[in-house]
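Note: hydrogens, waters and symmetry copies are ignored here, and every other heavy atom, side chains too, is used.
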Amino acid sequence: MRFTRLFTKTRKEAPADEPSRNAELLIRGGFVFKEMAGVYSFLPLGLRVLNKIEAIIRDEMNRVGGMEMRTSVLQSKDVWEKSGRWDDKVVDTWFKTKLKTGGEIGLSFTNEEAYSNILKQYVSSYKDLPIYPYDFKNIFRNEARSKSGMLRGREFYWKALYSFSRTEEEHAVFYEAMKTAYRNVFDRVGIGHLTFMTFASGGSFSKFSHEFQTITPSGEDTIYVDEKAGIGINKEVYRDEVIADLKLSKEALVEKKAIEVGNIFSLGTKFSQPFDLQYQSDGDEMKPVVMGSYGIGLSRLMGAVVEVLSDDKGMVWPETIAPFKCHLVALEGASEKADRLYDALTAAGIEVLYDDRSDKSAGEKFADADLIGCPVRLVVSTKSLAAGGVELKGRTEDKPRIVQEAAIVEELS
C-alpha cells in the first residue's frame with residue numbers, strides 16, 4: 001500500500017469529544033472514523049487489523065470443532081417473546097423498529113434465542129449432537145453511556161459461539177476446551193501476558209462464569225488477581241467464601257483495573273426449553289439440550305490492544321494483527337531506491353505500507369510511522385545508502401541499524 005493512494009490521513013489531534021485513549025489514537029492514525037458516540041466506521045487500516053483478529057479467532061474456533069455460519073441482524077418479536085427478553089423492562093438495550101407492512105422487529109443485541117430457534121429445526125436425536133455453531137456479526141446495543149471508544153459501542157463487531165450438548169458432562173468438556181482456545185486467542189493478538197481468566201457470577205446457570213480480563217489502569221472493571229496462579233476474581237463475587245472455594249489466599253490477591261475482552265457462560269437449558277429444543281436419547285427419552293455461550297467483541301478487543309500496548313508516540317501493534325509488517329519511508333533523494341525495495345518486499349509477500357509522499361518532511365513521516373505503529377520501520381535515505389543500506393528499527397527500539405538492501409527481504413521473511 002502506497003501512502004499516496006491511501007485516502008485517509010493522520011491527524012495531530014483527536015476530536016474534542018473523544019476522551020478515550022484507544023479511539024483517540026485509532027482516529028488520529030486513520031484507522032476508524034467516528035460516526036457518533038459508540039459508533040465507528042472501519043477505514044482501510046482499521047479493517048486490516050480487524051480482519052486479522054477475525055482470522056485468529058476463526059482459526060481457534062475451528063480447532064475446537066466450531067462451524068461458522070451467519071445469523072440475521074433483524075430479529076423477530078415472536079422468537080424473543082418465547083424467552084421473555086423482548087420486553088424492554090427485561091432488556092433495556094434493544095434497538096427496535098417498525099416494518100412498513102406492520103409489526104415490530106429488533107436488531108440483534110445477542111444471539112441465544114436466534115440459535116435456539118434455528119437449531120430446533122435440525123436437532124431431534126442424540127446423534128445430532130453436540131453442535132458448536134458460531135458467527136461474526138454486528139451487534140447493536142442502546143447503551144446509555146458510550147464514553148470508552150471501542151470498548152463500549154452501540155454498534156460493534158463480535159464473535160459468538162454457542163455449544164449444544166447432550167449432557168452437563170459433555171458440555172463441561174467443551175467448556176474447558178474453550179478456556180484454552182480463548183487463552184490462545186489473547187496470546188496470539190499480543191495481550192496474553194496481561195490477560196487473566198477471571199471468575200464472575202454464573203447467574204442462575206452455574207456457580208461461576210468466566211471473563212477474560214486485560215489489566216490496564218484505564219479499565220472499567222475491578223478484579224483481584226493472583227498473578228502466580230494466573231487467575232482473577234471479579235469484584236462482584238469477591239467474597240471470603242469464593243476465595244476459599246477457589247483455594248486462593250486473600251493475601252496473594254492484588255486489586256487491578258481491567259478491560260473485559262471475552263467471556264464464557266454455561267447456560268444450562270434456559271434457552272433450549274422455551275423453544276422446546278430437545279433430543280431423543282439412545283434410551284428413547286426426550287431431554288433438553290444443554291447450552292453454553294462464548295463471546296468476544298472484536299472491535300472491543302482491537303481497542304483493548306491499543307489501550308494497553310500504545311506509548312506516548314502512538315500505537316504499537318503486535319506483528320500478528322498489525323495492518324502491515326513494515327512501514328517503509330522514502331526520504332529526499334532516495335525515492336528510486338525506495339521504490340525498488342517496495343517492489344521487492346511486495347513480490348516476497350511482505351506486507352508493507354510505503355510512505356512515498358514528496359510533500360512531507362522526514363520528521364512528519366517518522367511521527368506518522370510511530371503513530372500508525374507497524375512493527376518495523378525501514379528508512380531509505382542518501383545517508384543510509386552511503387552507510388551501506390537501509391535503516392531498520394523496531395517500533396519499540398531506540399536506535400536503528402543499517403541492513404544491506406539485498407538482505408532486507410530475508411530479514412523480514
Side-chain angles (χ1 to χ4, degrees), residues 57 61 64-96 104-123 128-143 153 155-168 170-172 174-175 178-179 181-182 200-212 260 262-279 287-298 300:
I57 294 172
M61 295 305 98
V64 294
M67 292 179 290
E68 186 173 359
M69 54 183 286
R70 184 67 58 88
T71 54
S72 171
V73 168
L74 300 180
Q75 294 292 301
S76 165
K77 176 182 177 181
D78 294 341
V79 169
W80 289 80
E81 283 183 330
K82 290 182 179 180
S83 67
R85 290 207 291 178
W86 182 259
D87 191 334
D88 290 338
K89 294 178 182 178
V90 178
V91 175
D92 63 358
T93 57
W94 270 111
F95 279 106
K96 296 177 180 177
E104 196 175 16
I105 59 171
L107 303 183
S108 289
F109 75 92
T110 187
N111 259 6
E112 286 84 359
E113 283 83 349
Y115 272 97
S116 294
N117 184 55
I118 292 171
L119 267 293
K120 166 64 179 174
Q121 316 304 316
Y122 300 99
V123 172
D128 298 324
L129 297 168
I131 300 173
Y132 310 123
Y134 72 94
D135 68 354
F136 296 94
K137 69 187 289 187
N138 280 16
I139 290 291
F140 299 86
R141 292 181 183 173
N142 196 358
E143 295 279 2
E155 176 186 357
F156 58 93
Y157 192 58
W158 85 340
K159 181 280 307 177
L161 183 148
Y162 293 90
S163 61
F164 296 82
S165 303
R166 289 167 286 204
T167 63
E168 288 288 353
E170 187 173 71
H171 163 75
F174 183 75
Y175 193 90
M178 286 296 283
K179 288 181 184 178
Y182 268 46
S201 172
S204 59
F205 312 127
S206 62
K207 192 165 190 176
F208 298 111
S209 65
H210 295 88
E211 301 167 342
F212 291 82
E260 182 184 340
N263 54 60
I264 59 177
F265 295 90
S266 293
L267 299 176
T269 59
K270 179 174 182 178
F271 294 102
S272 55
Q273 287 183 329
F275 293 89
D276 196 28
L277 178 54
Q278 302 182 78
Y279 69 95
K287 294 183 177 182
V289 174
V290 178
M291 291 175 58
S293 169
Y294 315 84
I296 296 178
L298 280 74
R300 181 181 179 90

Drop me the distance from Phe208's CZ to Ile264's CD1, to the nearest 0.5 angstrom.
-> 13.5 Å
Answer with yes or no after comparing the ring centroid distance for Tyr175 and His210 against a 6.0 Å cut-off, counting only values under it.
-> yes
Short side-chain to backbone donor-acceptor contact, Tyr182 and Gly295, under 3.5 Å | yes
Test of ring centre spacing under 6.0 Å for Phe164 and Tyr279 = no
So, Lys287 side chain and Arg166 main chain: donor-acceptor pair closer than 3.5 Å or not?
-> no
Please determine if Glu113 and Lys82 form a salt bridge, counting it only when a charged side-chain N lies under 4.0 Å from a carboxylate O.
-> no
If you round to the nearest 0.5 Å, how far is OG of Ser272 from CG of Leu119?
-> 10.5 Å
May I ask you to decide if the ring planes of Phe95 and Phe140 are parallel, tilted or perpendicular, using 30° and 60° as cut-offs?
-> perpendicular
State whether the side chain of Tyr162 and the backbone N or O of Ser116 hold a donor-acceptor pair below 3.5 Å, judged by distance alone.
-> no
Sidechain N-carboxylate O distance under 4.0 Å for Arg85, Glu112 = yes
Would you say the side-chain atoms of Thr93 pair up with the backbone N or O of Arg141, donor to acceptor, closer than 3.5 Å?
-> no
Taking C-beta and beyond as the side chain, do Tyr115 and Met69 meet within less than 4.5 Å on heavy atoms?
-> yes
How long is the gap from CD1 on Ile118 to CD1 on Ile131, to the nearest 0.5 Å?
-> 11.5 Å
Flag, side chain of Ser165 to backbone of Thr167, donor-acceptor distance under 3.5 Å | no
Between Lys120 and Asp276, is the closest basic N to carboxylate O distance under 4.0 Å?
-> yes
Compare every heavy atom of Ser209 with every heavy atom of Ser201, then report the nearest pair and how far apart it is.
-> O-OG, 2.7 Å
Between CD on residue Glu155 and CG on residue Asn138, distance to nearest 0.5 Å | 4.5 Å
Evaluate the ring planes of Phe109 and Trp94, with Trp represented by its six-membered ring, and classify them as parallel (under 30°), tilted (30 to 60°) or perpendicular (over 60°).
-> perpendicular
So, the side chain of Ser266 versus the backbone of Gly268: is there a donor-acceptor pair under 3.5 Å, distance only?
-> no
Return the orientation label for the Trp158 and Phe156 ring planes: parallel under 30°, perpendicular over 60°, tilted otherwise.
-> perpendicular
Any donor-acceptor pair under 3.5 Å from Lys270 side chain to Met291 backbone = no
Do you know the tightest heavy-atom contact between Ile105 and Trp86?
-> C-CH2, 3.5 Å
